Amino acid sequence: MTSQLDKDNLPEHIAIIMDGNGRWAKAKNRPRLFGHNAGMKTLKKIVRASSDAGIKIVTMYAFSTENWKRSQDEVDGLMNIAVEYFHKEVGELHENNVKINVIGNLERLSKKVRESAVKAMNTTAANTGLILNIALNYGGRDELIHAVKDLIGQGITAEEITEQHISDHLYTKGQPDPDLLIRTGGESRLSNFMLWQMAYTEFMFTDIFWPDFEVAVYYEMIHDYQKRNRRYGSAE
Ligand code: IPE
Ligand code: IPE
Ligand code: MG
């Protein structure tokens, strides 16, 4: 399937809003956490497919700064899934040369979640394959505030500040902006995801709920991306 893809025009960075787990479970009369567990399987599949296709960076939106509004049970369940992912998957990811990079405000996470995230990052820090950004307690506005605070702390003046300064103080510093955003689950909005980085990202939305998202559809979307004309404000 990757053979359809033009290797010279691959998106370098793909960002994914993994949405629709709850509705997928509801349609099956199952609890929301059943959907989140199913979603983790899709995550594994899509990470592997990204490596196979030669994508350099994938950013997965796992938990937003607004997702704390959910029931304690659901929040705890999601955090447990994150810990499980960091513990159980790190071995295979490491073998596949994947570098894990958790982005977001890690300070508000419990010690257990934070430590498992840091351990996964440390274990895979020297890997040179796919960079897997996991956005956990991530908010685009929160990230910008964090960047502004850093810059003020460094004593940068109003005259000196450039776009590069802001980019260099985001959680994604050093990485190219996403070329392609995919959101599953039928909603057409950003929900506070990578607001600065998505200035010229190509957007694709699908009604498919995240647990049902397939590698074939993923590759089809990358294929569609390759047909788009990115102008960045120029005339052609
Ligand atoms: C996405 O699925 C996962 C997270 C936001 C953590 P949802 O839980 O938002 O599922 P829906 O949108 O309610 O179906
Ligand atoms: C966005 O989904 C966050 C994640 C997928 C982690 P939400 O389900 O939280 O977004 P809204 O509430 O529908 O905008
Ligand atoms: Mg949702």
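Just so you know, these numbers use all the heavy atoms, side chains as well, and skip hydrogens, waters and symmetry mates. Just follow the structure's listing: the first ligand is 1, and inside any ligand the first atom is 1. Keep in mind that this is a model prediction, so the values were computed, not measured.
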Between CZ of Phe63 and NE2 of His36, what distance do you get to the nearest 0.5 Å? 9.0 Å

Atom 11 (P) of ligand 1: nearest protein contact (heavy atom, Å): Arg23 NE, 3.5 Å

I want to check something: taking the side chain as every heavy atom from C-beta on, are Thr42 and Asp212 in contact at a cut-off of under 4.5 Å? no

Asn97 versus Thr128, side-chain donor and acceptor atoms under 3.5 Å: yes

Below 4.0 Å from ligand 2: does a non-hydrogen atom of Arg70 turn up there or not? yes

Using only N, O or S atoms, tell me which atom of Asp19 is closest to the Mg ion (ligand 3). OD1

Closest by any non-hydrogen atom to atom 4 (C) of ligand 2: pick that one out of Tyr138, Trp210, Tyr61. Tyr61

Could you check Glu143 against Gln197 for side-chain hydrogen bond (donor to acceptor under 3.5 Å, both in side chains), going step by step and ending with a plain yes or no? CA-CA 11 Å; Glu143 180 181 41; Gln197 295 93 330; 3.2 Å; yes

Looking at atom 13 (O) of ligand 2, would you say a protein heavy atom lies below 4.0 Å from it? yes

Does at least one non-hydrogen atom of Met60 fall below 4.0 angstrom from an atom of ligand 2? no

Any Lys/Arg nitrogen of Asp73 or Arg32 sitting under 4.0 Å from an Asp/Glu carboxylate oxygen of the other? no

Mind checking whether Phe63 has an N or O less than 3.5 Å away from an N or O of ligand 1? no

Do Leu93 and Ile100 have side chains that get closer than 4.5 Å, going by heavy atoms? yes

Applying a 4.0 Å heavy-atom criterion (strictly less than), which segment of Ala62 is in contact with ligand 2: side chain, backbone, both, or neither? backbone

protein heavy-atom neighbour closest to atom 9 (O) of ligand 2 works out as Asn67 ND2, 2.9 Å

Where on Phe193 is there a heavy atom closer than 4.0 Å to ligand 2, on the side chain, on the backbone, on both, or on neither? neither

Pairing of Glu92 and Arg48 as salt bridge, 4.0 angstrom limit: yes

Heavy-atom contacts with His36 under 4.0 Å: which atoms of ligand 1 show up? List them by number with element. 3 (C), 8 (O)

Evaluate the side-chain hydrogen bond (donor to acceptor under 3.5 Å, both in side chains) criterion for residues Arg231 and Tyr200: first the C-alpha distance (whole Å), next the side-chain angles of each, then the deciding distance (0.1 Å), finally the verdict. CA-CA 9 Å; Arg231 284 185 290 277; Tyr200 273 101; over 6 Å; no

Do any nitrogen or oxygen atoms of Asp19 lie less than 3.5 angstrom from nitrogen or oxygen atoms of ligand 1? yes

In the protein, which heavy atom is nearest to atom 10 (O) of ligand 1, and how far is it? Gly22 N, 2.9 Å

Min N/O separation Glu187 to ligand 2 under 3.5 Å: no

Considering only non-hydrogen protein atoms, determine which one is nearest to atom 2 (O) of ligand 2 and report residue, atom name and distance to 0.1 Å. Arg183 NH2, 3.6 Å

Does some non-hydrogen atom of Gly20 fall short of 4.0 Å from ligand 1? yes

Can we say Asp19 and Arg183 salt-bridge, meaning some charged N sits less than 4.0 Å from an Asp/Glu carboxylate O? yes

Ligand 1 versus Arg32, non-hydrogen atoms closer than 4.0 Å: side chain, backbone, both, neither? side chain

Those atoms of ligand 2 less than 4.0 Å from some heavy atom in Ser191: 1 (C), 10 (O), 11 (P), 14 (O)

Apply the test side-chain contact (heavy atoms from CB on, under 4.5 Å) to residues Ile14 and Ile16: give CA-CA distance (whole Å), side-chain angles for both, the deciding distance (0.1 Å), then the verdict. CA-CA 7 Å; Ile14 301 180; Ile16 302 185; 3.9 Å; yes

Is Arg189 in polar range of ligand 2, meaning some N or O pair under 3.5 Å apart? yes

Under a 3.5 Å threshold, yes or no: a donor from one side chain and an acceptor from the other, between Asn137 and Trp68? yes

Arg23/Glu187 salt bridge by N-O under 4.0 Å criterion: yes

Identity and distance of the protein heavy atom lying nearest atom 1 (C) of ligand 1: Met18 O, 2.9 Å

